[in-house]
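A short worksheet on the structure shown next.
Values below: every heavy atom of this structure, side chains too, minus hydrogens, waters and symmetry copies.
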Amino acid sequence: MQTRRLRAGILVAAMLGISIDTAFAADPIGNWFTETGAATVRIASCGAELCGTIIALKEPSDSGNRPAEDRQEQSPTLPKRSRPMIGVQIVFGMKPGGNPNQWNGQVYNAEDGKTYSGSITLQGASQLKLEGCALGGLICKSQIWTRAS
């Protein structure tokens, strides 16, 4: 009888441990390296949504030793084009999506200066898929980011 209770207690403890680990794994908040390693992005809570901001660059300066700037920004206001890349929000408005590990919102592509509809999807505790789409989802591109330790 006592052995049966001990087994049941161990089973319950193991199940709780698994569910706690799963809950932590399903949290995209933290620092992520982009697919090429060119930038580190911090995913954080922004009110009821998630957002992501560039916090570090592999090459933080241009050839003139000035901070790397957002030269491709499509905004008609030129001051945005000269803003430093570190601090630029590239993931925003992410709200829970169709499955527990997905959030939908918008992504900014600093390479072309455009904002796209997009999503982030956790693919395990250390991988995050970022996807940006144009033309109502007809054309999509994605990257796999790696969690920074």
Side-chain angles (χ1 to χ4, degrees), residues 10-149:
I10 290 171
L11 182 61
V12 168
M15 288 171 50
L16 286 174
I18 291 169
S19 67
I20 289 170
D21 287 346
T22 302
F24 284 129
D27 185 6
I29 293 175
N31 296 339
W32 297 88
F33 297 122
T34 59
E35 188 169 81
T36 62
T40 304
V41 177
R42 176 170 291 142
I43 302 291
S45 292
C46 294
E49 302 170 342
L50 295 178
C51 61
T53 304
I54 296 174
I55 60 166
L57 295 172
K58 188 175 184 179
E59 296 181 26
S61 305
D62 65 13
S63 59
N65 210 23
R66 294 178 302 263
E69 296 176 341
D70 188 10
R71 298 219 179 260
Q72 300 302 319
E73 167 61 47
Q74 298 292 315
S75 171
T77 59
L78 290 178
K80 278 191 168 184
R81 291 186 181 176
S82 62
R83 66 183 172 174
M85 284 303 300
I86 294 177
V88 171
Q89 194 174 88
I90 61 169
V91 175
F92 44 96
M94 292 288 171
K95 298 177 182 176
N99 72 56
N101 293 327
Q102 184 179 39
W103 293 262
N104 299 317
Q106 295 184 309
V107 294
Y108 172 68
N109 181 354
E111 292 177 8
D112 67 10
K114 295 180 181 177
T115 300
Y116 298 94
S117 63
S119 65
I120 55 173
T121 306
L122 271 173
Q123 297 188 320
S126 62
Q127 288 193 326
L128 182 75
K129 179 181 178 184
L130 174 103
E131 186 172 57
C133 298
L135 300 173
L138 291 176
I139 300 172
C140 298
K141 289 187 179 181
S142 64
Q143 287 189 359
I144 302 296
W145 292 1
T146 304
R147 189 181 292 272
S149 47

Residue pair [X] / [Y], side-chain heavy-atom distance below 4.5 Å:
X: I54; Y: I90; value: yes
X: K141; Y: V107; value: no
X: L130; Y: W32; value: no

Which distance, rounded to the nearest 0.5 Å, do you find between the [atom1] of [X] and the [atom2] of [Y]?
X: N109; Y: Q143; atom1: CG; atom2: CD; result: 8.5 Å
X: I86; Y: L57; atom1: CD1; atom2: CG; result: 4.5 Å
X: T53; Y: F92; atom1: OG1; atom2: CZ; result: 10.5 Å

Practice item. Provide the full list of disulfide bond (SG atoms under 2.5 Å apart) pairs with a residue in residues 99-149, sequence neighbours left out, each pair given once. Key: C133-C140
Check your understanding: Looking only at heavy atoms, what is the nearest atom pair of M85 and A110, with distance?
Key -> CE-CB, 3.4 Å
Practice item. Return the minimal non-hydrogen interatomic distance between Q106 and T115, and the atom names on each side. Key: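 Minimum heavy-atom contact is CB-CG2, 3.9 Å.
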Which donor-acceptor pairs under 3.5 Å do side chains of residues 33-47 form with protein atoms, sequence neighbours excluded?
from: T34; atom 1: OG1; to: A38; atom 2: N; distance (Å): 3.4
from: T34; atom 1: OG1; to: A39; atom 2: N; distance (Å): 3.2
from: T34; atom 1: OG1; to: A39; atom 2: O; distance (Å): 3.4
from: E35; atom 1: OE2; to: I144; atom 2: N; distance (Å): 2.9
from: T36; atom 1: OG1; to: A38; atom 2: N; distance (Å): 3.3
from: R42; atom 1: NE; to: N31; atom 2: OD1; distance (Å): 2.9

Point to revise | By salt bridge (charged side-chain N to carboxylate O under 4.0 Å, His left out) - contacts of K95 (at least two apart) | key: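 Here the qualifying residues are E49.
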The criterion is side-chain contact (heavy atoms from CB on, under 4.5 Å); which residues satisfy it with [X], sequence neighbours excluded?
X: S142; answer: K129, E131
X: L135; answer: L138, I139
X: Q102; answer: N99, N104, S119, T121

